[in-house]
Amino acid sequence: QVRLLESGGGLVQAGESLKLSCAVSGRTGSGYSMGWFREAPGKEREFVAAMSWNGRQTSYADSVKVRFTIFRDKVIDVVYLRMNSLKAEDTAVYYCNAHPSPWYTGNYPTGPYWGQGTQVTVSS
C-alpha cells in the first residue's frame, strides 16, 4: 500500500507561483512513477504532469508545458509540482497519483494510488 499526502495549495493572483508537494510513504517496492492530476468544478479529472522513477522521463499536458515542472526529492521521497505564471483556468483540486512501475512509455498510466487533493485557486 502506498500513501500519498499533498500540500502546498492556496489562493494566489494570476501570474504568481505555487509549489505543490506530495509526500510518499508505504510499500513503494522497486520504484514507481508519479503523476499530478487536477479536477476543476464541473469538469472531469485531467492529467497535468508525470515523471518516471529516475526522473529521466517527464510528461506534461499541453496547457501547462513550460509553466509547470514536476520533480522529486528521493532522499525524503517527496514529489513536487512547481507552477509558474498561474492562470485563472489553473484553478482546481490537484491530486497526486502513483503507479507501481518505475518507468512508462507513451502516456502516463494512471496508477491505483491517489492522495486526498489540495485546492489551488487563482484569482484574475
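This structure is a prediction, so every number in the text was calculated from the model and none was measured. Start at 1 with the first residue, then count along the sequence.
Across all non-hydrogen atoms, the minimal contact from Val2 to Ala98 is CG1-CB, 4.3 Å. Nearest heavy-atom pair, Ser52 versus Arg72, reported as atom, atom and distance to 0.1 Å: O-NH1, 3.3 Å. Closest approach of Tyr60 and Ala49 over heavy atoms only: CD2-CB, 3.6 Å. Considering every non-hydrogen atom in both Asn97 and Thr110, the closest pair reads ND2-CG2, 3.6 Å. In plain terms, the two heavy atoms of Gly106 and Ser59 that are nearest each other are O-OG, 4.5 Å. Pairing each heavy atom of Gln57 with each of Thr105, the nearest pair is NE2-CA, 4.3 Å.
Here Phe37 is tied into one hydrophobic group with Phe47, Val93, Tyr95, Tyr104, Tyr108, Trp114, each link being a pair of ILVMFWY side chains closer than 4.5 Å.
Residue Gln13 holds its CD atom at 3.5 Å from OG of Ser123, rounded to the nearest 0.5 Å. The distance from atom CD1 of Ile76 to atom OG of Ser21, rounded to the nearest 0.5 Å, is 8.0 Å. Taking OG1 of Thr58 as the start and CD1 of Ile70 as the end, the distance is 8.0 Å to the nearest 0.5 Å. Between the NE2 atom in His99 and the OH atom in Tyr32 there is a gap of 14.0 Å [rounded to 0.5 Å]. For the atom pair Leu4 CG and Ser25 OG, the distance stands at 7.5 Å (nearest 0.5 Å).
You'll find the ring centres of Trp36 and Tyr94 outside the 6.0 Å limit.
Between Lys87 and Asp90, no side-chain nitrogen of the basic residue sits less than 4.0 Å from a carboxylate oxygen of the acidic one, so the salt-bridge criterion is not met.
More than 12 non-hydrogen atoms from other residues, nucleotides or ligands lie less than 6.0 angstrom from CD of Gln116. By the 6.0 Å contact criterion, CG on Asp73 is enclosed, its count of non-hydrogen atoms from other residues, nucleotides or ligands being greater than 12.
Using a distance-only test at 3.5 Å, with no hydrogens or angles considered, no donor-acceptor pair links the side chain of Thr69 to the main chain of Arg82. Although no hydrogens or angles enter the test, the distance criterion places a donor-acceptor pair under 3.5 Å between the side chain of Thr118 and the main chain of Gly9. Side-chain atoms of Glu6 come within 3.5 Å of backbone atoms of Gly117 as a donor-acceptor pair (strictly under, hydrogens ignored). With Asn84 contributing its side chain and Ser17 its backbone, the two residues share no donor-acceptor pair below 3.5 Å.
In this structure, Val75 is not a member of the same hydrophobic cluster as Val24, with clusters built from ILVMFWY side-chain heavy atoms closer than 4.5 Å. Residue Met34 is not grouped with residue Phe71 when hydrophobic side chains (ILVMFWY) are merged at heavy-atom distances under 4.5 angstrom, including chains of intermediate members.
The shortest distance between side-chain heavy atoms of Pro100 and Pro112 falls below 4.5 Å. Side-chain contact between Leu20 and Arg38: absent, with no pair of heavy atoms (C-beta onward) separated by less than 4.5 Å. Under the 4.5 Å side-chain criterion, counting only non-hydrogen atoms from C-beta, Leu18 is in contact with Met83.
Annotation: cation-pi pair Lys19/Tyr80 present, NZ/CZ under 6.0 Å from the ring centroid and within 45° of its normal.
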Working for side chain to side chain contact (heavy atoms under 4.5 Å, CB included), residues Leu86 and Glu16: CA-CA 6 Å; Leu86 282 162; Glu16 293 184 340; 5.5 Å; no

Stepwise side chain to side chain donor-acceptor pair (under 3.5 Å) check, Glu89 with Thr91: CA-CA 5 Å; Glu89 50 263 44; Thr91 295; over 6 Å; no

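Partners of Arg45 under the salt bridge (Lys or Arg N to Asp or Glu O under 4.0 Å) rule, at least two apart in sequence or in another chain, are Glu39.
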